[in-house]
Amino acid sequence: MARSETPIIQLKGVGKNYGNVNALRGVNLTVRQGEVTCILGDNGAGKSTLISIIAGLFAHDEGEYLVDEKARRFSSPREALNLGIAAVYQTLALVPLLPVWRNFFLGSEIVRGWGPFRQLDTRKMWDATQDELQRMGINLEDLEQPVGTLSGGQRQVVAIARAIHFGARVLILDEPTAALGVAQSGLVLRYVAQAARDQGIGVIFITHNPHHAFLVGDHFIVLSRGEVELDAPRADLTLDNLMFHMAGGTGLSTLEHELHSAPPAATVA
Amino acid sequence: MTEKADTVPLRQQYQPQSYWKQILKRPEAGALGGAILVFVFFWLMAPPFRQFSAFTTVLYQASTIGIPAVAVALLMIGGEFDLSAGVAVTASSLAASMFTTQLFGNLWVGAFCALIFALAIGALNGWLLIRTKLHSFLVTLGTFLMLQGLNIAITKLVTGNVATRDISGMPGFDSLQTIFASNIMVGHAQISIAIVYWLLFVALATWVLLRTKVGNWIFAVGGQGESARAVGVPVKQVKIGLFMLVGFSCWFLSMHLLFSYNTVQSGAGIGNELLYIAASVVGGCLMTGGYGSAVGSALGAFIFGMTTEGVIYADWDPDWFQFFVGAMLLLATVVNTWIRARAMKGK
């Protein structure tokens, strides 16, 4: 797939205040086609504020948010979605008892026929679901099986495939591996990398697992207390380096120093 | 399922499942088995049950439960209850009768007013549910008790009696009776038109559920309302619409009853709402919503119809009917849960 070097999304010095509280400041971020940008950070570091701004849940207070080089201020997720910016949250917006193909098209059903006789084009929906899932290398035994019977990773992948099928150019993945085991996480990560590489989707991958991030990421941003602690491309980083920043950077090394060098009796006192 | 099977990138055709498994996976599988069992049971126990005329009586009995039960099943799939459905039937008959005898003098106008009234009860139930965010059990328990009181109080106030006047002499009676309460001859047996409407409604409801956008939404709204909302399903409208559908089904049955008996007993209908719910549950509807079928509700109603008539044909005390309904409900729920668990596991 041909890559264009012009960024799809660009954030310049973006910040957000809740009253007097400065939740986010000075974030620069660029999402290009086929690139995976990982956003890491501890709880309360500002990750959710950042993705909420990108996904259009609320607008930023400072800086600039450019989509296709045009400044935007979103007031609803629908506006972001119309520009191809889709978020897949941990809840996934799937209905467990509903078959896979019905979930895939829920709210965007394909219909044929006229007036009161308009009915679902089940053939088309079934085929589209099958094609989309197989393109991503996911083989389900039966599309009629309820989504609730799928594994956690498969469910995640169905939600991502759905977002891509309905025109996402930028995918915001909110901790897709947080609740998954090792094997299931692998499935999702493989899929994320594939979506970016083969389909040229720009991915924003939110996680607090540096191992997962380093497997798929092209660019890394570590947030800490609302500020950017690290902003580096893959070439300038090692996993250890990333983990060091992720784990609290200098703060943690001070703690390590304290714990290992101080005499035990003194620390208790 | 292994990881390897998840990620094989080959294009492969999905294996169609065996018919046996496909049938077992349907929500109404348990009810079908139950219906066959009950049928065989009364066939053996009650010789008069074996006649064709007995079968049509059973079907008629089933249709008077089944017409509201179809709508109640859809509502339950949409995740809500309606306890007011039983008295809403009576309220709607009363409305038609009173509007005609007290105000307009024409049954067509009265029937139309009753339709608006029944839809309004449904809309009110739905609106209250959305506004108060209470469980539908509570909301409709409230409207149930209110309607029950109103039915009797207003009837006494207007007629000085607990029943309404005979409407058979009013203009419009003959045409409406033909539409709602006539009989069709099939061979040597008379079949009530209510049975035809019932089967028609079941077919229509099945088509809507499985083959239309709205049907997809009904399952989603009951299965996981939040997810449905997130992908753009109009959850509130679907729920209010379902309550109004129950209102419509109550009106339809009330018209049949009104033009069959010509008068209305204002205290009637209490307890029937539980039969509608029981028929839906026996037919495979989950109490928690998101799962069930219209055909299942029909099978549930058919089982109850067979039991009502079977007890009579077997010459037992009719009070046994209630016992059977209760036992059936428990048994069906256990069997349905077991079948569903198996079907979900076996892929």
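Lettering of chains follows the sequences in order, A, B, ..., and the numbering in each one begins at 1. Quantities reported herein were computed from a predicted structural model and do not represent experimental measurements.
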Can you tell me which portion of [X] sits under 4.5 Å from chain B's heavy atoms? Options are side chain, backbone, both or neither.
| X | value |
| --- | --- |
| A/R118 | backbone |
| A/L98 | side chain |
| A/P116 | backbone |

Original post:
Based on non-hydrogen pairs under 4.5 Å, which of B/V214, B/V233, B/L210 is most in contact with chain A?
Top reply: B/L210
**OP:** Decide, yes or no, whether a salt bridge links A/R123 with A/D127 under the criterion of side-chain N to carboxylate O below 4.0 Å.
**Re:** yes
Original post:
Quick one: do A/K47 and A/E175 make a salt bridge, cutoff under 4.0 Å?
Top reply: yes
Subject >> Residues of residues 202-216 of chain A within contact distance of chain B, non-hydrogen under 4.5 Å >> reply: none
Between [X] and [Y] (judged by ring centroids, cut-off 6.0 Å), do the two rings come close enough to count as a pair?
| X | Y | result |
| --- | --- | --- |
| B/F243 | B/F248 | no |
| B/H256 | B/Y197 | no |
| B/Y291 | B/F219 | no |
| A/F104 | A/W101 | no |

Subject >> side chain to side chain contact (heavy atoms under 4.5 Å, CB included) between B/V235 and B/I130, intermediate numbers included >> reply: CA-CA 10 Å; B/V235 175; B/I130 304 289; over 6 Å; no
Subject >> Between A/T177 and A/S185: side-chain donor-acceptor atoms closer than 3.5 Å >> reply: no
